[in-house]
Amino acid sequence: MGSWEQLKDNAFWYEAGTYDVAVIGAGHAGCEAAFACAHLGLSTLLLTLHLDQLANLPCNPSIGGTAKGQLVREIDALGGIMGEMADLSAIQTRMLNRSKGPAVFSPRAQMDRASYSRRMKERIEKEEHISLVQGEAVELFWEEKDGRKILNGIRTRSGACYHVKTAVVCSGTYMESRTIRGEVIVESGPDGLSRSVGLSRSMEEAGITMQRFKTGTPVRVNARTVDTSVMEIQPGEPDMPPFSYKNEMNGVKPRENQVPCYSVWTTPETRTVITENMDRSPLYSGVIEGTGPRYCPSIEDKFMRFPDKSRHQIFVEPMGDNTEELYLQGFSTSLPEDVQVRMVHSLPGLSQAHVQRAAYAIEYDCIDPTTADLSLESTCLEGLFTAGQVNGSSGYEEAAAQGLMAGINAAMKILGKDPVILDRSQAYIGVLIDDLVTKGTHEPYRMMTSRAEYRIFLRQDNADMRLTDIGHEIGLIDETRYSSFVAKRTSIETEKERLRSTFLPPSPMLHEILNRCGSTLTQSGISLAELIKRPEIHYRDLGPVDTKRPELTEDVIFAVEVDIKYEGYLALEEERIRKFAALENKKLSPDIPYDSITGLRLEARSKLMQRKPMSLGQASRISGVSPADIAVLLVYLDAKKREEREKREE
């Protein structure tokens with residue numbers, strides 16, 4: 001409908017209140033968005049379809065992983081809450097990619113699914129400025145002003161109408177969703193929960209381009225019926241730091257009695273069961289219309305797309321402390337339920353497994369993210385922000401990161417401040433949002449380390465060094481935590497300087513250490529920093545000859561060693577970032593008449609008019625804009641600058 005006037009004539013409704021911000025959806029994106037807005041003092045309405053499913057983990061009950069762990073630590077460094085909740089609910093922790101170097105170290109933790117959701121609900125309910133309401137948003141209202149649509153309200157299915165200044169849509173996979181198992185199609189959200197109906201159409205009426213995506217979740221089996229003795233065990237690691245820097249500074253350690261995970265491989269029988277039933281696969285029969293994730297395909301898709309691979313790895317992971325459910329990661333499917341049972345029974349240790357929940361595919365509506373700007377505000381409806389899977393991403397961590405930024409920027413808009421925009425050199429969050437908004441996505445977008453150009457600099461261990469100043473300036477990091485952070489930063493810099501200025505003469509003890517580490521002996525004095533730069537030598541190895549070493553925490557020691565060991569690489573990275581910043585700092589006005597700039601190709605004109613990039617750097621990453629087009633824009637900008645200077649001189 002669009003306007004309040006039309007509403008009065010066409011629908012049951014009542015005045016339910018006025019809020020600064022309405023957050024629609026209380027998944028990972030919605031909880032972060034609501035927390036950020038409320039923490040900044042804004043009255044915040046948080047609407048959810050299901051009060052008992054806040055921050056639900058309907059797919060894999062884990063937080064973090066490759067690139068995703070970096071996102072969680074960045075969320076925490078800015079003042080978000082995902083990392084704290086994950087630390088409280090973790091039943092197993094591991095640091096992935098330890099053998100590949102610190103640039104891609106990625107923390108991952110298996111969650112107690114019920115505990116994570118329960119703790120998040122408790123945290124949200126205790127936040128002073130949040131009003132948590134079970135309700136389904138079905139309609140947006142706006143007013144027309146100077147050719148712009150400006151959001152001013154929302155309506156729920158029960159008729160409750162709220163006046164709001166901004167709204168953040170975090171609808172996850174619920175908008176117009178349906179689940180599919182073979183021939184069985186049900187109009188529902190994840191886990192058989194009710195879906196969202198109507199909001200998608202209202203967004204489309206506002207001018208937002210919609211698209212249809214698909215994802216899925218695997219089978220759950222009862223642990224009592226599984227033989228783990230024939231599986232490869234994957235124990236936890238007691239030395240992984242917490243996700244939350246606050247917990248790390250307070251010396252919080254992972255739990256001692258960590259729950260193991262296991263892995264198995266598919267068998268020839270698995271392949272046979274799948275291939276003999278491909279005619280019943282909704283994925284290949286055309287029943288599924290949405291585009292699925294390329295990097296997390298269903299098991300039948302793996303066998304069809306990679307026929308040369310004889311087997312695929314499946315991870316058997318617990319769902320929590322107080323449940324016997326096990327999750328089969330890597331075994332998502334939309335094949336019929338009877339076929340799924342045979343597939344599960346073909347796996348080692350699972351021949352007698354009892355299937356408690358069958359797998360399913362789920363289709364849902366989401367937006368074309370190129371209709372949002374880098375603040376995650378819609379370019380079609382002013383005051384409307386979007387975050388999470390509604391923007392075409394996949395994954396809890398990607399959703400939470402967007403939710404935090406959308407919440408911050410909704411608040412900044414109300415407070416009359418500039419939006420907070422992280423660029424690609426500052427954070428994985430910047431890469432994530434820039435990729436979605438600038439390039440768009442035609443499939444569920446998943447964060448990977450390979451997407452980040454500056455991943456040597458964007459490490460999981462230094463997210464606080466990169467982002468805590470920003471979180472403090474915004475107002476999400478309090479003074480107590482900020483003081484601890486400043487002390488840590490000072491300790492790191494002081495210790496690095498001490499290591500650079502402390503020289504050791506050749507000595508029997510030093511030679512013994514170098515021999516033990518397989519390192520070249522020194523014939524003259526050498527600094528501690530130069531020794532640590534050697535790949536085979538670590539900070540702790542030099543303890544016996546470094547007698548004036550201060551007492552430092554593990555996180556400080558790790559940061560010092562990485563900064564020194566990779567000093568040369570980091571210097572090169574910083575030079576690349578400076579060149580990147582030169583383009584990013586050349587701002588582009590939204591009023592530039594791209595269609596009349598001589599020299600721009602037709603495709604570039606069309607894309608630039610549509611996207612209205614905020615900087616020359618963003619323009620260069622738009623598909624269809626070539627380096628030659630960027631050169632033309634540079635000439636245009638220089639000409640405009642000369643023209644303005646001449647006018648001033650007159």
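Every value quoted in this text rests on a predicted model; they were computed, and no experiment measured them.
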> Hey, does the Lys NZ or Arg CZ of Arg451 hover above the aromatic six-ring of Tyr445, less than 6.0 Å from the centre and inside 45° of the axis?
Replying inline: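 Relative to the ring axis of Tyr445, which defines the angle, Arg451 lies inside both limits.
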
> When you measure from the centre of the six-membered ring of Tyr245, is the NZ or CZ of Arg73 under 6.0 Å away and within 45° of the axis?
Replying inline: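 Relative to the ring axis of Tyr245, which defines the angle, Arg73 lies inside both limits.
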
Rounded to the nearest 0.5 Å, how far apart are [atom1] of [X] and [atom2] of [Y]?
| X | Y | atom1 | atom2 | value |
| --- | --- | --- | --- | --- |
| Ile75 | Glu84 | CD1 | CD | 12.0 Å |
| Leu71 | Ile429 | CG | CD1 | 6.0 Å |
| Lys214 | Thr173 | NZ | OG1 | 12.5 Å |
| Ser351 | Asp227 | OG | CG | 7.5 Å |
| Leu46 | Cys31 | CG | SG | 6.0 Å |
| Leu350 | His345 | CG | NE2 | 8.0 Å |

Has the side chain of [X] got a donor or acceptor atom that lies under 3.5 Å from a matching backbone atom of [Y]?
| X | Y | result |
| --- | --- | --- |
| Thr225 | His354 | yes |
| Arg455 | Ala67 | no |
| Thr275 | Thr272 | yes |
| Gln340 | Ala359 | yes |
| Gln234 | Ser263 | no |
| Arg123 | Met85 | no |

N-O pairing of [X] and [Y] below 4.0 Å:
| X | Y | result |
| --- | --- | --- |
| Arg118 | Glu122 | no |
| Arg255 | Asp321 | yes |
| Arg280 | Glu183 | yes |
| Asp87 | Arg119 | no |

Is there a side-chain contact between [X] and [Y], using heavy atoms and a 4.5 Å cut-off?
| X | Y | answer |
| --- | --- | --- |
| Pro318 | Cys261 | yes |
| Lys302 | Thr266 | no |
| Ile470 | Leu78 | yes |
| His28 | Met120 | no |
| Ile81 | Glu32 | yes |

Any chance [atom1] of [X] has more than 12 other-residue heavy atoms, nucleotides or ligands included, within less than 6.0 Å?
| X | atom1 | result |
| --- | --- | --- |
| Glu337 | CD | no |
| Asn322 | CG | no |
| Gln134 | CD | yes |

For [X] and [Y], which I'm curious about, is there any donor-acceptor pair between the side chains at under 3.5 Å?
| X | Y | value |
| --- | --- | --- |
| Asp555 | Thr553 | yes |
| Gln402 | Ser393 | yes |
| Arg108 | Gln110 | yes |
| Gln70 | Ser106 | yes |
| Ser117 | Asn56 | no |
| Tyr19 | Ser131 | yes |
| Glu324 | Asn222 | no |
| Glu300 | Thr333 | yes |

Which pair of heavy atoms, one from [X] and one from [Y], lies closest together, and at what distance?
| X | Y | value |
| --- | --- | --- |
| Cys59 | Pro218 | SG-CD, 4.2 Å |
| Ser200 | Asp365 | OG-OD2, 2.7 Å |
| Asp76 | Lys246 | OD2-N, 4.1 Å |

> Is there a salt bridge (Lys or Arg N to Asp or Glu O under 4.0 Å) between Arg113 and Glu325 once you walk through the steps?
Replying inline: CA-CA 11 Å; Arg113 179 189 183 187; Glu325 271 191 285; 5.2 Å; no

Please verify the inter-ring angle class for [X] with [Y]; under 30° counts as parallel, over 60° as perpendicular, anything in between as tilted.
| X | Y | result |
| --- | --- | --- |
| His50 | Tyr174 | tilted |
| His312 | Phe303 | perpendicular |
| Phe485 | Tyr482 | tilted |

>> Using salt bridge (Lys or Arg N to Asp or Glu O under 4.0 Å), reason through Arg466 and Glu74 one step at a time and then give a plain yes or no.
In response: CA-CA 8 Å; Arg466 293 184 276 116; Glu74 289 178 354; 2.9 Å; yes

